[in-house]
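Read the structure below first, then the notes.
Letters A, B, ... are given to chains in the order of the sequence lines, protein chains preceding strands, and every chain is numbered from 1.
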There are 2 protein chains.
Amino acid sequence: MKWSELNDNWCPVARTLSVVGDRWTLLILRDCFLGKTKFEEFAASGGMTRHILADRLKRLVEFGILERRAYSTSPKRYDYVLTSKGEELRPALSIMKEWGKKHLPIRRAALEG
Amino acid sequence: MKWSELNDNWCPVARTLSVVGDRWTLLILRDCFLGKTKFEEFAASGGMTRHILADRLKRLVEFGILERRAYSTSPKRYDYVLTSKGEELRPALSIMKEWGKKHLPIRRAALEG
DNA sequence: AACGAAAGTTCCAGAAAGAAACGCGAGGCG
DNA sequence: CGCCTCGCGTTTCTTTCTGGAACTTTCGTT
């Protein structure tokens, strides 16, 4: 089964993952929950290439999780804000945060010798 | 940044996603939460190729989310069971399930005309 | 005119995923 | 004995996606 065919899967988890369950999308959402809205802010958080970022933002807008909003008209500029639909995913990220803090401590020893 | 470099990211969400945040891993976990344990059961749920499945199971075992357990010795057979570490991810999947049910209803209309 | 910022796009090589056949150790069967 | 099947992966080949970095466009500033 292809990723795109998950849209109509019988399982609601699969359908959710077809929208947000990829490598970088959830990291974009994390940034959103931290208050970021602008393309350059997402890009600067160092996660992904601008290429992928543009693609994922478009996707999130398509699915109504983010809204593309003009914040400047003279030079046309857009940013991205969470919709209520997007907000409802915050608890999931929250659980992942706690899980990571508990089970995946940073291995500084390996880096600093 | 490469996906693998997320391991030591400052952000616990990123670290969690470096383990479970890929296309198919969360779907395997869903199956685990539904009680599946065997390779063929996961494979039969139609999500991914055996190729990818084998890879992801290995990864989940490496990170202590699943445990590979011999359930037969005469023909050596192994299955995969959730550890407590794995169980702690259940709430995240649960939220995704509810989110999917609420926001991504199956588009039967589009299929059945 | 030159420079810089914001928000993307484009190009290419290399990595990952999909499909489907193959391997392999045990047991079962005629 | 020879052959089939089951469970659990592996291998091979082709297609798609991703990573990296430069380039574009539309203004605003100096």
Between CD1 of I52(A) and C1' of dA15(C) the distance, given in whole Å, is 12 Å

Give a yes/no on whether any side-chain N or O of R77(A) is located under 4.0 angstrom from OP1 or OP2 of dT25(D).
-> no

Given Y80(B), which of V61(B), T37(B), I65(B) fulfils the side-chain contact (heavy atoms from CB on, under 4.5 Å) condition?
-> V61(B)

Connected via hydrophobic side-chain network under 4.5 Å: V19(A) and L27(B) | yes

Y71(A) six-ring face occupied by K38(A) cation (under 6.0 Å, within 45°) | yes

Considering just the side-chain nitrogens and oxygens of Y71(B), establish if one lies under 4.0 Å of OP1 or OP2 belonging to dC8(D).
-> yes

R50(A) (side chain) and dA7(C) (base): donor-acceptor pair under 3.5 Å | yes

Pick base, sugar-phosphate or nothing for F42(B), based on heavy-atom distances below 4.0 Å to the nucleic acid.
-> nothing

Is there a side-chain contact between V20(B) and F63(B), using heavy atoms and a 4.5 Å cut-off?
-> no

Can you check whether W24(B) has a side-chain N or O nearer than 4.0 Å to OP1 or OP2 of dA16(C)?
-> no

Could you tell me the separation between the CD atom of E40(A) and the C1' atom of dT25(D), rounded to a whole number of Å?
-> 14 Å

Just to confirm, is there a sub-4.0 Å distance from OP1 or OP2 of dA17(C) to any side-chain nitrogen or oxygen of R23(A)?
-> yes

I28(B) CD1 to dG9(D) C1', straight-line distance once rounded to whole Å | 14 Å

Mind calculating the distance between NZ (K58(A)) and P (dG8(C)) to the nearest angstrom?
-> 10 Å

Nucleotide of dT18(D), dC27(D), dG8(C) approaching S74(A) most closely (side-chain heavy atoms) = dC27(D)

Return the value, rounded to whole Å, for the distance between atom CG of D55(A) and atom C1' of dC17(D).
-> 10 Å

Under 4.0 angstrom, heavy atoms only, what part of the nucleic acid is T49(A) near: base, sugar-phosphate, or nothing?
-> base

Nucleotide dG9(D), atom C1' - distance to OH of Y78(B) in whole Å = 13 Å

5'-most by nearest nucleotide on DNA chain D - R56(A) or T73(A) | R56(A)

Has Y80(B) got a side-chain N or O lying under 4.0 Å from the OP1 or OP2 atom of dG9(D)?
-> yes

Does the side chain of L17(A) reach to within under 4.5 Å of the side chain of M96(B), using non-hydrogen atoms?
-> yes

Rounding to a whole Å, what distance do you find between L66(A):CG and dA7(C):C1'?
-> 15 Å

F39(A) has its side chain closest, among dT18(D), dG8(C), dG9(D), to dG8(C)

Hey, does K76(B) reach any base, or is it just sugar-phosphate, or nothing, if we go heavy atoms under 4.0 Å?
-> nothing

Hey, quick one: are I95(A) and I28(A) part of the same hydrophobic cluster, counting side-chain heavy atoms closer than 4.5 Å, chains of contacts allowed?
-> no

Would you mind telling me which of dG28(D), dG8(C), dT18(D) lies closest to the side-chain atoms of R68(A)?
-> dG8(C)

Rounded to whole Å, the CG-P distance (L53(A) to dT9(C)) equals 11 Å

Classify the side chain of H51(B) and the base of dT11(D) as holding, or not holding, a donor-acceptor pair under 3.5 Å.
-> yes

